[in-house]
There are 2 protein chains.
Amino acid sequence: MSGRQLPLAKAELRAQVIKSLAHAARVQMVDALARGEMCVCDLRDLVGLDISTVSKHLALLKAAGIVRVEKRGLNQFYRLNCSCLSAFFECVDSVTAGNARHYREATRP
Amino acid sequence: MSGRQLPLAKAELRAQVIKSLAHAARVQMVDALARGEMCVCDLRDLVGLDISTVSKHLALLKAAGIVRVEKRGLNQFYRLNCSCLSAFFECVDSVTAGNARHYREATRP
DNA sequence: GAGCTTGTTGGTTATTTGGTAAAATATAAG
DNA sequence: CTTATATTTTACCAAATAACCAACAAGCTC
């Protein structure tokens, strides 16, 4: 029993979620949201982009199911919708760490 | 000590790795490679794209540090370069599962 | 070496993404 | 009800991505 191949439909679902995290600003925002909810203007200060751009990034994360939002007064407070992201980033960081090690070995033999 | 914000440079490194996985064909290929090495033509059969397209996808995964390659005879054999991807996809799947649940609840109250 | 097979690279085209500015919406404050 | 603040939406442009095909390179096999 070698396990069958991943169907395209499921791969596309996965890809959509992964895509939503495949941008430095969104990575920064998600990282910050891991420490608690934030409003859009706080996130704009964090990443230093136009607030309309930040709003679009957040809409993307929301559509992917990464964050949820709650309105209180004038502000929209965004928070993480899933608790597994630290494991996710741990894997990503282990890859970048491997790359850095490989790079060192290649350039300083 | 609340932890400072993730620096942009580190967020960009993370984003590059995540981006390399943010495509259905690459997700399928990585999933298959988790079961052992494969040559490019096998992967082409798997995803059903032109072999030049597959080659470019693999070059991307290699640049990101996800896979490594070894040439034997006429074939290039690709294999995973990191062992953490199952945890990575587990998180992704938990998000898609949450989305599906949320969708069901919204449409069939 | 001629010819086949496997894979990569370069060119072209179409689609998607990421950014801003301007207009629209929503709620609060006066 | 008018104004101010926070966010989203729309319109638009530039850059990046993904697909295919054609041409090339590398390594068999004869």
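Chain letters run A, B, ... following the sequence lines, proteins first, then strands; residues in each count from 1.
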Atom CD1 of I18(B) and atom P of dT17(D): how far apart are they, to the nearest Å? 15 Å

Nucleotide dC20(D), atom C1' - distance to CD1 of I51(B) in whole Å: 13 Å

With the side chain of L60(B) defined as its heavy atoms from C-beta on, choose the nearest nucleotide among dG7(C), dT17(D), dA18(D). dA18(D)

Quickly work out the L49(A) CG to dG18(C) P distance and round it to whole Å. 11 Å

Using atom NE2 of H23(B) as one end and atom P of dT15(C) as the other, report the distance to the nearest whole Å. 15 Å

Sugar-phosphate means primed atoms, P, OP1 and OP2; the rest is base. With that split, encode nucleotides 22-30 of chain C 5' to 3' as B, S or - using protein heavy atoms under 4.0 Å. B---BBS--

If the cut-off is 4.0 Å, is N75(A) near the phosphate of dT7(D), judged by side-chain N/O to OP1 or OP2? yes

Knowing that exactly one of R68(B), R72(B), Q76(B) qualifies, which makes a side-chain hydrogen bond (donor to acceptor under 3.5 Å, both in side chains) with E37(B)? R72(B)

Below 3.5 Å, does any donor atom in the side chain of K56(B) face an acceptor in the base of dG7(C), or the other way round? no

How many whole angstroms separate atom CD of Q16(A) from atom P of dT17(D)? 19 Å

To the nearest 0.5 angstrom, please state how far the CE atom of M29(B) sits from the CD atom of Q5(A). 12.0 Å

Does dA6(D) have its OP1 or OP2 closer than 4.0 Å to a side-chain nitrogen or oxygen of Y78(A)? no

In whole angstrom, give the distance that lies between atom CZ of F77(A) and atom C1' of dT5(D). 13 Å

So if I take every side-chain heavy atom of R26(A) and compare against dT8(D), dG18(C), dG7(C), which nucleotide ends up nearest? dG18(C)

Between C82(A) and C91(B), is the SG-SG gap under 2.5 Å? no

For the residue pair F88(A) and F88(B), does the interplanar ring angle fall in the parallel (under 30°), tilted (30 to 60°) or perpendicular (over 60°) class? parallel

According to a strict under-4.0 Å criterion, is T53(A) in side-chain N/O contact with OP1 or OP2 of dT20(C)? yes

Mind checking the CG-NZ spacing from D93(B) to K10(A)? Nearest 0.5 Å is all I need. 5.0 Å

Which distance, rounded to the nearest 0.5 Å, do you find between the CD1 of I18(A) and the CZ of R26(B)? 9.5 Å

Rounded distance (nearest 0.5 Å) linking atom CD of Q28(B) with atom CG of L43(B): 10.5 Å

Would you say H57(A) places a side-chain N or O within less than 4.0 Å of OP1 or OP2 belonging to dT17(C)? no

Nearest whole Å is fine: how far is dG18(C) C1' from E12(B) CD? 14 Å

Find the distance R44(B):CZ to dT8(C):P and express it as a whole number of Å. 12 Å

May I ask you to say what K62(A) touches in the nucleic acid, namely base, sugar-phosphate or nothing, with a heavy-atom cut-off under 4.0 Å? nothing

